[in-house]
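A, B, ... follow the sequence lines: proteins, then strands. Residue 1 opens every chain.
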2 protein chains.
Amino acid sequence: MTQVFRARGLPEDRAGTAADALCHGDLTGFTSHGITNLTRLYLPLLDSGRCDPRAEPRIVTDRGASVLLDARRALGLWAATEAMDLAVERARRYGVGMVSVRGATHFGCAGHHALRAVRHHMVGLVTANCGRQRIVRPVGGRSPMLGTNPLALAAPAGDRPPFVLDMATTVAPTGRVRAAARAGQSVPAGWLQDDDGGPVTDPAAFDRGQAHLRWLGGDPDTGGYKGFGLGLLVEVLSALVPGAGIGPREEAAEPAGPDDDIGCFLLAVAPGRLRPEAEFRSDAAALFGALLGCPPVRADEPVSYPGWPEDARSRERRAHGVPLEPALHREMLDLARNSGLGFPEPVPPTEAGSPA
Amino acid sequence: MTQVFRARGLPEDRAGTAADALCHGDLTGFTSHGITNLTRLYLPLLDSGRCDPRAEPRIVTDRGASVLLDARRALGLWAATEAMDLAVERARRYGVGMVSVRGATHFGCAGHHALRAVRHHMVGLVTANCGRQRIVRPVGGRSPMLGTNPLALAAPAGDRPPFVLDMATTVAPTGRVRAAARAGQSVPAGWLQDDDGGPVTDPAAFDRGQAHLRWLGGDPDTGGYKGFGLGLLVEVLSALVPGAGIGPREEAAEPAGPDDDIGCFLLAVAPGRLRPEAEFRSDAAALFGALLGCPPVRADEPVSYPGWPEDARSRERRAHGVPLEPALHREMLDLARNSGLGFPEPVPPTEAGSPA
C-alpha cells in the first residue's frame, strides 16, 4: 500500500501513514473501509486531481487549544492522523485540544485516527461528514440530504485493548451494503427501507435508488430520531464549525453530490493533565475489566466492549495473515504489477481466502 | 419551583436556575425529566443530605481551556448550568472550553444545559453518566452495569430554533418506561427485552426485574453494539475523565447502585473564534433551513430537526399554559400548601389536563 501511494506522488512518510490507516480496516475486520477502497475511492481521487498528494495543510486560525485547519485536498488517510497528532499536542498543554478541519478528503476508519490519542494516554473523539454528498434522508423526508457521518471515540483501558467505538450514524455504512451486493448476499431487515418505509433486504436495491439507508435506531418509536440527530451532531461538529461542505441544501440537486470539501472534528482529552495519570489508568482498567468480567448470557460468548474484538482480530491477522476475498487479492496483485512494484506472482487462493 | 428550592435551602439565584432547568422538561415535552421528578428525585436527594443545597463547587485543576470541577454534591440542575457557562467563558478565549465534573447530582435535561452555549453563538455538547447506578446490561451480559447515560448537543440554526439533540443512549430513558407504567400503558416493542432477548411491552415488568432496557440500535444486527458503545462513550467522557463514580465493577453488587458522584462532560465550541461569525451564522441558517425545506414523505408532516418541535411546544406552552396530568397537578398544589408557599387553591382539572 505504501508503494502504491508513493507511486501516486505521496512523500514517503505520508504514504506509510496513509497505508497504515487503510490497512486498519482489513486488520480489524472493518473490511468495507479497508483496501477494497483503494481502487474504488482513493486512486480515482488522486488520479482525477480531486485529492492533491503533496498538499500542505494550512493553519487558518490558531487559538492554542483549538486550531482551524484547511487540509487543501490532502489525502485524508494521512491528513486526519496528522490533525489528531496536533490535537494531542495541544491537549498536552491545555488538557483539551481541538482541530477543526475543512477541505479534507476521505479518511478511512474514524477509529484509527481516534486511536492516535490513546498512545498518549488520552481520549480521542473523531467525527467527519461526507462533504456535499447526499445519501441519507432526514426522518420523514423524501430527499437524501446527509452522509453516513461517522463518529469514533477511543480511550485507554489499562492493560486491556483500548475501547474504540467506530460507527456510522446510519444502521450500517454504505460500504457494507455494497459489499453485500457484490457478494450476492442479502442484508438484515432494518438496514434499508423502500419509499413507503417497508423493509428491503436486497442490497442491490440501494444503488438502484429503490431502497434508502436507515438511521441508527430505525423506526421513530425505537429511536430513529436519535440516529438522525447523531448524524446532524456529526454534520455540525465536523462541517458547520470549520465551514466545510455540507450536505443539506435548498436547491434541488442530484442525490449524490461529490464528497469534496469534507469536514472533520478531532478532539483530544488529556485526563492526566486534570488528575494524576496513575489514577486515571487504574480507573480505566477497572471500568473495562469489569465489563470483561460481566457474566455472559451465553456461556460461550463472553462479554466484551467495542475495540476488544477488533484488537484480537488485528493481532491474529498480523501474526497469521489477512484473509482477502479472491477477487480483491487478484485486484491488488494486478495493481502491483501494473504499477511496476515488483510484487510476487499471485498465490492460488485457499478455501479461507488468500494470504495478503 | 423556585420557591420550593429556596425553601430547601438553595440561595435565590441557584433556586431560579434550578427551576428553569426542571421546567425545561415540561415546556419542551420531555415530561419524564420535568417537575414529576421534584418529589421523586430532587427533594429526596436534598432531604436525605445526598445533595447539599449550599455546596460551593471547587476547581480542582485549571488548564485554561479545560477545568476539572468537583461539584461537591451541589444540585445538578443548577451546577451543570454554571459548569456550561464556565466552558463558554473558556471557549471565548481558546475556541474550545471543556469542564469535566465529578461529585455531581442529577442535572435534569442534558439539552437544557447544552443550550446555554447557543446564547453565545456556540455549540454545546453535554454528557453525564448515572454515577454508580447500574441499570443497563452490556450487550451479551447478564448483569446491569451502566446507566442510561444521556448525551446532548445544541447548535445555533440562524433565525430558526436551535438544533438540540437530547437523548438517552438506551432506546428510551427509564423515566418514560415508569411514566407508561404509572399510566397503565404499554411501551413499543423494542424498548424492553426479557432474559432471553424476547420483546416485552409491559413497562411494569421493568421495575419487577423481568425486563431490561435495550440500547439504541436494538439487536446486534441493527446496531445494538453502537448504542452500547455510545453508552460507554458517555461513561468515558463524563466519569472516567474526571474520576467520578462509574457503573461497572467487578464485585457482585445490587443491580441499582446509588446515582451519587455523577460525572459530567461539558464542551463549548466557539466557531466565531475560528472563522468569521457572520459566515458561521449564515452557514447554520442554510443547513437547518434546507432540512426544513426537504420535501416530506407525508404532505401533512413537514420535515424538521431535533429541537424544532420542542421549541414550538415550549413557545406555545409559555403562552397558553402547560398541560399537567391531574395527579401531578394535585401533587404540586399539595407540595405548595405543605411548604407554606401560599399558592392558590387547586383549579379543577379540565379534559386536556390542568393549567400550571
Between R281(B) and chain A, which part of the residue has a heavy atom less than 4.5 Å away: side chain, backbone, both or neither? neither

So what's closer than 4.5 Å to chain B heavy atoms on A270(A): side chain, backbone, both or neither? neither

What part of V241(A) lies closer than 4.5 angstrom to a heavy atom of chain B: side chain, backbone, both or neither? both

Sort V269(B) into side chain, backbone, both or neither according to what part of it lies under 4.5 angstrom from a heavy atom of chain A. side chain

Using only atom types and a distance under 3.5 Å, with no angle test, would you say the side chain of R63(A) pairs donor to acceptor with the backbone of L274(B)? no

In sequence, state the C-alpha distance, the side-chain angles, and the governing distance for R273(B) and T61(A), and then conclude on side chain to side chain contact (heavy atoms under 4.5 Å, CB included). CA-CA 8 Å; R273(B) 298 296 288 152; T61(A) 313; over 6 Å; no

Chain A: which of V60(B), L165(B), L267(B) shares the most heavy-atom pairs with it under 4.5 Å? L165(B)

I'd like to check M145(B) versus L291(A) (side-chain heavy atoms, cut-off strictly below 4.5 Å). Are they in contact? yes

Pick one of side chain, backbone, both or neither for V139(B), based on which atoms fall under 4.5 Å of a heavy atom in chain A. backbone

Spacing of R90(B) atom CZ and Y94(A) atom OH [to the nearest 0.5 Å]: 12.5 Å

Distance col, row R275(A):CZ vs L68(B):CG, nearest 0.5 angstrom, shows 8.0 Å

CG (L146(B)) and CG (L287(A)) are apart, to the nearest 0.5 Å, by 7.5 Å

Residue part contacting chain B, namely of Y225(A), when any heavy atom lies under 4.5 Å: backbone

Ranked by heavy-atom pairs below 4.5 Å to chain B, first place among S100(A), P138(A), G293(A) goes to P138(A)

Under 4.5 Å heavy-atom distance to chain A, tell me which part of P296(B) shows up: side chain, backbone, both or neither. both

Sidechain-backbone polar pair: S143(A) side chain, P295(B) backbone, donor-acceptor under 3.5 Å: no

Once rounded to the nearest 0.5 Å, what's the spacing between atom CZ of F280(A) and atom CG of L240(B)? 4.5 Å

For L125(B), which atoms come within 4.5 Å of any heavy atom of chain A: side chain, backbone, both, or neither? side chain

Side chain, backbone, both or neither: which part of V96(A) has a non-hydrogen atom closer than 4.5 Å to chain B? both

Would you mind checking which part of A189(B) comes under 4.5 Å of any heavy atom in chain A, side chain (CB onward), backbone (N, CA, C, O), both or neither? backbone

Residue part contacting chain A, namely of V171(B), when any heavy atom lies under 4.5 Å: both

Quick one, F265(B) with V123(A), criterion side chain to side chain contact (heavy atoms under 4.5 Å, CB included). Give me CA distance, side-chain angles, the key distance, then yes/no. CA-CA 13 Å; F265(B) 168 83; V123(A) 176; over 6 Å; no

Does a sphere of radius 6.0 Å around CZ in R93(A) hold more than 12 heavy atoms from other residues, nucleotides or ligands, not counting ones at 6.0 Å or beyond? no

Given L216(B), D166(B), V67(B), the one with more heavy-atom pairs under 4.5 angstrom with chain A than any other is L216(B)

Using only atom types and a distance under 3.5 Å, with no angle test, would you say the side chain of K226(B) pairs donor to acceptor with the backbone of G217(A)? no

Leading residue by heavy atom contact count with chain A [cutoff under 4.5 Å; candidates A172(B), P242(B), G227(B)]: P242(B)

Between A155(B) and chain A, which part of the residue has a heavy atom less than 4.5 Å away: side chain, backbone, both or neither? side chain

If you measure from CG on L232(B) to CG on L153(A), what distance do you get to the nearest 0.5 Å? 9.5 Å

dist T222(B):OG1 -> R214(A):CZ (nearest 0.5 Å) comes out at 9.0 Å

Atom group of A154(B) that falls short of 4.5 Å from chain A, counting heavy atoms: neither

